[in-house]
Amino acid sequence: KIYMGNKNILILCTGNSCRSQIAEGYLKFFLKKRVNVYSAGVDNHEINSLAIKTMKDDGIDISKQTSNNINEFKSIEFDHIITVCDNAQEKCPIFFSKNAIRTHHAFFDPSSIKNPKLIDSAFEKCRDQIKLFCKEFSEKYFS
């Protein structure tokens, strides 16, 4: 849903499967529909099931979110663009919402961990870092 008159935030990552999905969930939680929050990828993949699980463990359901490509949002003028990985920062077109406030924070990619004993803790660590970032971002720009 688009809430007219609200500001628009876009969170970008490479595949829009994990970090950007987690950030979308937390920004929606912290900002409570006062802004429109979207996430997208330079390429898009399906949402990582471990991202869904780790967010559910913190009481937030992101299972209904969709994986989107940046090109789907060309017609929206964004007030904020947040890149959560270096690849997205490098590939985000400069013409895309050129008046947007751009924020970059490269979060570790927990989906890169292949050791089954370390995967859950990697997702939890990433989730907790993104949660703190989103809380601070929300307070800085929307309190």
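On a predicted model such as this, the values are computed, not experimentally measured, just so you know.
With hydrogens and angles disregarded, a donor-acceptor distance shorter than 3.5 Å links the side chain of K32 to the backbone of F29. Between the side chain of N8 and the main chain of I76, no donor-acceptor pair closer than 3.5 Å is present. With hydrogens and angles ignored, the 3.5 Å screen pairs a side-chain donor or acceptor of R127 with a backbone N or O of T54. Counting only distance, with no hydrogens or angles, the side chain of N48 and the backbone of C18 share no donor-acceptor pair below 3.5 Å. D120 contributes no side-chain N or O that, together with a main-chain N or O of L118, makes up a donor-acceptor pair within less than 3.5 Å.
Between S138 and L27, some side-chain heavy-atom pair lies under the 4.5 Å cut-off. Side-chain atoms of F30 and F142, non-hydrogen and from C-beta on, never get closer than 4.5 Å to each other. Looking only at side-chain heavy atoms (C-beta outward), R19 and I130 come within less than 4.5 Å of each other. At least one side-chain heavy atom of I47 sits under 4.5 Å from a side-chain heavy atom of I52.
Interatomic distance, CD of Q129 versus SG of C134, reported as 12.0 Å (0.5 Å rounding). The CG atom of L12 sits 9.5 Å away from the CD1 atom of I82 when rounded to the nearest 0.5 Å. Considering CG of N68 and CD1 of I70, their distance stands at 11.0 Å, rounded to 0.5 Å. For the atom pair CG of L31 and NZ of K7, the computed distance is 12.5 Å after rounding to the nearest 0.5 Å.
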Legend entry - Audit row: H104, T83, side-chain hydrogen bond (donor to acceptor under 3.5 Å, both in side chains) steps and yes/no: CA-CA 5 Å; H104 176 66; T83 48; 2.7 Å; yes
Inset, instruction - Show your reasoning for whether ring pair (Phe, Tyr, Trp, His ring centres under 6.0 Å) applies to F133 and F107. - result: CA-CA 10 Å; F133 169 84; F107 292 99; 5.6 Å; yes
Inset, instruction - Before giving the answer on side-chain contact (heavy atoms from CB on, under 4.5 Å), spell out for M55 and I22 the whole-Å C-alpha distance, their side-chain angles and the decisive distance to 0.1 Å. - result: CA-CA 7 Å; M55 289 296 283; I22 291 170; 3.6 Å; yes
Legend entry - Derivation of the side-chain contact (heavy atoms from CB on, under 4.5 Å) call for N36 and I9: CA-CA 6 Å; N36 303 314; I9 298 173; over 6 Å; no
Inset, instruction - For salt bridge (charged side-chain N to carboxylate O under 4.0 Å, His left out), just list the numbers for E136 and K140, CA-CA rounded to whole Å, side-chain angles, deciding distance to a tenth of an Å, and then say yes or no. - result: CA-CA 6 Å; E136 291 173 350; K140 178 177 180 178; over 6 Å; no
Inset, instruction - Please test I62 against E24 for side-chain contact (heavy atoms from CB on, under 4.5 Å), starting from the C-alpha separation and ending with a verdict. - result: CA-CA 8 Å; I62 64 168; E24 178 182 348; over 6 Å; no
Inset, instruction - Report the C-alpha separation of E72 and Y38 in whole Å, then their side-chain angles, then the decisive distance to 0.1 Å, and conclude whether the side-chain contact (heavy atoms from CB on, under 4.5 Å) test is met. - result: CA-CA 11 Å; E72 295 174 47; Y38 306 86; over 6 Å; no
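Checked against ring pair (Phe, Tyr, Trp, His ring centres under 6.0 Å), F137 has the following partners two or more places apart in sequence or in another chain: H80, Y141. F123 meets the ring pair (Phe, Tyr, Trp, His ring centres under 6.0 Å) test with no other residue; sequence neighbours excluded.
Sparse packing is recorded around CD of E46, with 12 or fewer heavy atoms of other residues, nucleotides or ligands lying under 6.0 Å away.
A pairwise comparison of heavy atoms in C85 and T14 identifies SG-OG1, 3.2 Å as the closest pair. Here the closest non-hydrogen pair linking S39 and F73 is O-CE1, 3.6 Å. Smallest separation of non-hydrogen atoms from V84 and I11: CG1-CG2, 3.8 Å.
Under the 4.5 Å side-chain contact rule for hydrophobic residues, F108 and I119 share a cluster.
A donor atom on one side chain and an acceptor atom on the other are found under 3.5 Å apart for Q21 and N16.
We find that D58 and K131 are joined by a salt bridge, their nearest charged nitrogen and carboxylate oxygen being less than 4.0 Å apart.
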